[in-house]
Amino acid sequence: MPELPEVETIRQDVLPFVRGREIKKVGIIDPRNIKGITPSLFVKKVVGEKIVDLERRAKYLLFKLASGKYLVIHLGMTGRLLFAPDDYVKVIFHLSGKRALYFSDARLFGKIRFYSHYPELKLGPEPLQEDFTVPQFRQMLKQRKIAIKQLLLDQKFISGVGNIYANEALFRAGIHPRRPANSLNDREVKKLYKAIKQILFEAIKYRGTSDSWYVDAKGKKGGFQFRLKVYGRKDEPCFGCKSKVQRIVLGQRGTYFCPKCQK
DNA sequence: ACCTAAACCTGGGCGC
DNA sequence: TGCGCCCAGGTTTAGG
């Protein structure tokens, strides 16, 4: 599933491919990913626009247009942005210079929207941004008693972290996923803060996790799936202590942890 | 304000 | 080989 590192990898690859190019034509194979306006109005609005930049906010890709408007894509679970089509293409963006960008989405959880201004996305802080600090994180955790794992998945609390990296960060910090957020002491808050940043930076470095669906714009898998310590490893031995990795359901999400290493 | 759970979807994996 | 069943999950929505 594309989380912050996967979306950032795509952003970096796609930016030089689209920058300065005009959207000449849009082919809609399946209109169901287009949200907020009718597909025909969407096409009318984006055709003729020039892409000047590609930004990322949490798991969203924001195509900045020369008019100051934005084409915003969220990849959901199985969304892809590709330089060549695959079996699940839903929307094709034909660009100047005879290029095309393919939006593919097998399960239709992805969303494509058009905004006349910079979109208000109602998201919590970006964990990799420098203005996200330990004191701020401590303050945020203090007032919440929900399980820490569930809180990390709340995009209004902290944005960009999804199920894979929430599990991995908690393992790295040695914190049990069921712990109430406000029960973490100062040492644990600091450890978790560091773990989140480290995991995300490393996953970007390895071009994301290709657990099931994720591939980059060239259709290539990432490399971080080989470095996962707990996610998807139910009943397999913990790399640290050899105990069996456990799987529980927390807030409707599969949750993996080592019962011995995570307290 | 806070929390829980269903709904949205369909390919892939499993059992038979 | 093929059928039916169930699971995966990011976000939104509804409800308590």
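Note on naming: letters A, B, ... go to the chains in the order of the sequence lines (proteins, then strands), and numbering restarts at 1 for each one.
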Check every atom of [options] against the side chain of [X] and return the nucleotide holding the closest atom.
X	options	result
A:Phe109	B:dC3, C:dT11, C:dG10	C:dG10
A:Lys145	B:dC3, C:dG9, B:dG12	B:dC3
A:Arg247	C:dT12, B:dC3, C:dA8	C:dA8
A:Asn163	B:dT10, B:dG11, C:dG9	C:dG9

Rounded off to whole Å, could you give me the [atom1]-to-[atom2] distance for the [X] and [N] pair?
X	N	atom1	atom2	value
A:Met77	C:dA8	CE	C1'	5 Å
A:Gln150	C:dG10	CD	C1'	15 Å
A:Lys156	C:dG10	NZ	C1'	11 Å
A:Asp105	C:dA8	CG	C1'	14 Å
A:Glu6	C:dG10	CD	P	10 Å
A:Leu75	C:dA8	CG	P	22 Å
A:Asn33	B:dC8	CG	P	16 Å
A:Gln155	C:dG9	CD	C1'	12 Å

Is [X] near enough to [N] that one of its side-chain N or O atoms lies under 4.0 angstrom from OP1 or OP2?
X	N	answer
A:Tyr165	C:dG10	no
A:Lys35	C:dT12	no
A:Tyr231	C:dA8	no
A:Gln252	C:dA8	no
A:His74	C:dT11	yes

>> If you take the centroid of each ring, where Trp contributes its six-membered ring, are A:Tyr165 and A:Tyr231 closer together than 6.0 Å?
In response: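 That pair fails the under 6.0 Å test.
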>> Taking any heavy-atom pair under 4.0 Å as a contact, classify A:Gly251: base, sugar-phosphate, or nothing.
In response: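 The residue A:Gly251 makes no contact with any strand.
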> Under a 3.5 Å cut-off for both distances, is B:dT10 Watson-Crick or wobble paired, and to whom?
Replying inline: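 C:dA8 is the nucleotide pairing with B:dT10.
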> Checking side-chain contact (heavy atoms from CB on, under 4.5 Å) against A:Tyr118, which of A:Lys69, A:Lys64, A:Glu55 comes through?
Replying inline: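 The passing option is A:Glu55.
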> Do the rings of A:Tyr193 and A:Phe137 sit parallel, tilted or perpendicular, given the 30° and 60° boundaries?
Replying inline: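 Judged by the thresholds at 30° and 60°, the geometry between A:Tyr193 and A:Phe137 is tilted.
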>> Ring-plane angle category for A:Phe224 and A:Tyr206, please: parallel below 30°, perpendicular beyond 60°, tilted otherwise.
In response: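 It falls in the tilted class, 30° to 60°.
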> Starting at the 5' end of DNA chain B and moving along, which residue's nearest nucleotide shows up first, A:Ala106 or A:Leu151?
Replying inline: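 Taking each residue's closest nucleotide, the earlier one in sequence belongs to A:Leu151.
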> Which residue, A:Arg144 or A:Trp213, contacts DNA chain B at a nucleotide closer to its 5' end, judged by nearest heavy atom?
Replying inline: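 Counting from the 5' end, the first nearest nucleotide belongs to A:Arg144.
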> Do the side chain of A:Arg107 and the base of B:dG11 come within less than 3.5 angstrom through a donor-acceptor pair of N or O atoms?
Replying inline: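 Result: at least one qualifying N/O pair found.
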> Side-chain donor or acceptor of A:Arg113 under 3.5 Å from a matching atom on the base of C:dT11?
Replying inline: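 Counting by modelled atom types and ignoring angles, no donor-acceptor contact under 3.5 Å is found here.
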> Distance only, no hydrogens: is a donor on one side chain within 3.5 Å (strictly under) of an acceptor on the other, for A:Asn167 and A:Lys229?
Replying inline: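 No pair is found: no donor N or O on one side chain lies under 3.5 Å from an acceptor on the other.
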> Is the NZ or CZ atom of A:Arg99 positioned over A:Phe17's six-membered ring, under 6.0 angstrom from the centre and within 45° of the axis?
Replying inline: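 Geometry flag: set, cation within 6.0 Å and 45°.
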